[in-house]
Amino acid sequence: AKAEEKFSIVRESSAALDGKIPEGSYWKYSQIWSSTNSWVSFLASYTLYLKDENLPNIQQVSDLLGMSSNPNQLHLDLEEYLIGLCHLCNELSRVAVNSVTSQDYGRPVRIAEFLNSLNTGFRLLNLKNDNLRKRFDSIKYDLKKVEEVVYDLSIRGLVNKEEEGETVSKQEAVSKEEAGDVKD
């Protein structure tokens, strides 16, 4: 709740910026704040993720940022939201490593499951060679990093076997899907 209060500054800034955009000129200027929106989307997604460890949807993130859903006003574009989710994956891979040093051995398993589902969702998209595609590629490396942490924990016997088994079986299914994609 305390972290969500900090977004009041973002909501005020968004409202002020929206008031300065000439009517009908949103797309003319949208590239100016696109990168900032992606990073603020990441911060909002991370805040919401930490609250209940679920993927926040674009509407929840927009609401926290105080952005409209009207495409002619300042809003969170889908691509900005997705890039923010890629940043979220980068941060969660670091959280997984740091949580082990804090002796929270269950968190890396939960993060691995979350990143695995996000990776699967992103693979369903038909991404071209653009900024979003490059960010998506980083999710694979983040997932691999977290899987290595979970593997190390399982080797040392620090992870509950039931949690580990669920994660490993999901990872094996994804690996088999990827192998099938390569054959095509």
Side-chain angles (χ1 to χ4, degrees), residues 1-21 26-102 104 106-125 127 130-147 149-150:
K2 193 173 185 179
E4 291 179 20
E5 293 172 10
K6 301 287 184 184
F7 285 97
S8 64
I9 298 168
V10 174
R11 287 189 287 273
E12 292 169 7
S13 299
S14 295
L17 178 60
D18 192 38
K20 294 181 181 185
I21 302 171
Y26 173 82
W27 295 107
K28 181 178 179 181
Y29 300 106
S30 66
Q31 292 301 315
I32 295 171
W33 54 75
S34 181
S35 177
T36 303
N37 276 358
S38 296
W39 280 105
V40 173
S41 170
F42 150 68
L43 293 172
S45 298
Y46 188 47
T47 301
L48 294 170
Y49 172 82
L50 289 176
K51 193 162 91 173
D52 59 5
E53 293 189 358
N54 287 320
L55 176 66
N57 63 37
I58 191 170
Q59 190 58 49
Q60 292 170 314
V61 173
S62 292
D63 290 345
L64 184 57
L65 298 176
M67 294 188 178
S68 166
S69 58
N70 183 346
N72 294 320
Q73 294 178 328
L74 184 64
H75 66 279
L76 185 61
D77 190 46
L78 182 60
E79 185 172 343
E80 296 164 349
Y81 168 72
L82 293 174
I83 290 173
L85 291 181
C86 292
H87 292 312
L88 177 64
C89 293
N90 301 148
E91 184 61 27
L92 288 178
S93 70
R94 287 189 286 275
V95 169
V97 172
N98 290 335
S99 65
V100 171
T101 61
S102 301
D104 182 1
R107 186 176 296 258
V109 174
R110 294 190 308 271
I111 289 174
E113 291 173 1
F114 180 78
L115 292 183
N116 196 10
S117 65
L118 255 182
N119 183 43
T120 303
F122 268 93
R123 282 196 344 238
L124 294 175
L125 300 174
L127 300 174
D130 62 352
N131 192 28
L132 184 56
R133 174 62 192 209
K134 292 174 190 172
R135 301 288 178 170
F136 162 65
D137 289 341
S138 73
I139 293 176
K140 296 179 216 175
Y141 301 112
D142 293 327
L143 179 58
K144 183 178 182 221
K145 182 178 179 180
V146 174
E147 286 174 344
V149 169
V150 171

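All heavy atoms count here, side chains included; hydrogens, waters and symmetry mates do not. Computed from a predicted model, the values in this text were never measured in an experiment.
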Ser102 side-chain N/O to Asp104 backbone N/O, donor-acceptor pair under 3.5 Å: no
Residues in ring pair (Phe, Tyr, Trp, His ring centres under 6.0 Å) contact with Trp33, at least two apart in sequence or another chain: Tyr26
Got a list of side-chain donor-acceptor pairs under 3.5 Å for residues 12-19, not counting sequence neighbours?
unit_1 : atom_1 : unit_2 : atom_2 : d
Ser13  : OG     : Ile9   : O      : 3.0
Ser14  : OG     : Val10  : O      : 2.9
Asp18  : OD1    : Leu74  : N      : 2.9

N/O donor-acceptor pair under 3.5 Å between Ser34 side chain and Ser30 backbone: no
Straight-line distance of Ser38 OG to Leu76 CG, nearest 0.5 Å: 8.0 Å
Rounded distance [0.5 Å steps], CD1 in Ile58 versus NE2 in His75: 8.0 Å
Test salt bridge (charged side-chain N to carboxylate O under 4.0 Å, His left out) applied to Lys144 and Glu147, step by step: CA-CA 5 Å; Lys144 183 178 182 221; Glu147 286 174 344; over 6 Å; no
Phe122 side chain reached by Leu118 side chain, heavy atoms, under 4.5 Å: yes
Pair Arg11-Leu65, side-chain contact (heavy atoms from CB on, under 4.5 Å): steps then yes or no: CA-CA 5 Å; Arg11 287 189 287 273; Leu65 298 176; 5.6 Å; no
CD1-CD distance between Ile111 and Glu91, expressed to the nearest 0.5 angstrom: 9.5 Å
Set of residues satisfying ring pair (Phe, Tyr, Trp, His ring centres under 6.0 Å) with respect to Phe7, sequence neighbours excluded: none
Residue pair Phe114 / Asn54, side-chain heavy-atom distance below 4.5 Å: no
Aromatic ring pairing Phe42/Tyr46, orientation class (parallel under 30°, perpendicular over 60°, tilted between): parallel
Salt-bridge criterion met for Asp137 and Lys134 (N-O under 4.0 Å): no
Euclidean distance, Leu143 CG relative to Ser93 OG, rounded to 0.5 Å: 10.0 Å
Shortest non-hydrogen contact from Pro108 toward Val150: O-CG2, 3.6 Å
Gap between atom CG of Leu88 and atom CG of Leu50 - 0.5 Å precision: 8.5 Å
Pair Trp39-Thr36, side-chain contact (heavy atoms from CB on, under 4.5 Å): steps then yes or no: CA-CA 5 Å; Trp39 280 105; Thr36 303; 5.9 Å; no
Leu48 and Glu4: CA distance, side-chain angles, deciding distance, side-chain contact (heavy atoms from CB on, under 4.5 Å) verdict: CA-CA 8 Å; Leu48 294 170; Glu4 291 179 20; 4.0 Å; yes
Over all atoms of both residues, closest heavy-atom pair of Cys89 and Leu115: SG-CD2, 3.4 Å
Side-chain heavy atoms of Gln73 within contact of Ile21, under 4.5 Å: no
Heavy-atom pair of closest approach, residues Val149 and Ala96: CG1-O, 4.3 Å
Within-4.5 Å side-chain heavy-atom neighbours: His87 and Arg135: yes
Those residues that, when tested against Tyr81, pass ring pair (Phe, Tyr, Trp, His ring centres under 6.0 Å) (two or more places apart): none
Short N-O contact, Glu5 and Lys2, less than 4.0 angstrom: no
From CA spacing to verdict: salt bridge (charged side-chain N to carboxylate O under 4.0 Å, His left out), Arg133, Asp130: CA-CA 5 Å; Arg133 174 62 192 209; Asp130 62 352; over 6 Å; no
Close side-chain approach of Val146 and Asp142, heavy atoms under 4.5 Å: no
Student check: side-chain heavy atoms of Lys140 and Asn119 closer than 4.5 Å: yes
Leu55 CG to Asn57 CG distance, which is reported to the nearest 0.5 Å: 7.5 Å
Qualifying salt bridge (charged side-chain N to carboxylate O under 4.0 Å, His left out) pairs with a residue from residues 54-81, counting only residues at least two apart or across chains: none
Pairing residues for Ser41 by the side chain to side chain donor-acceptor pair (under 3.5 Å) criterion, not counting sequence neighbours: none
Flag side-chain contact, heavy atom, 4.5 Å: Asn37 against Met67: yes
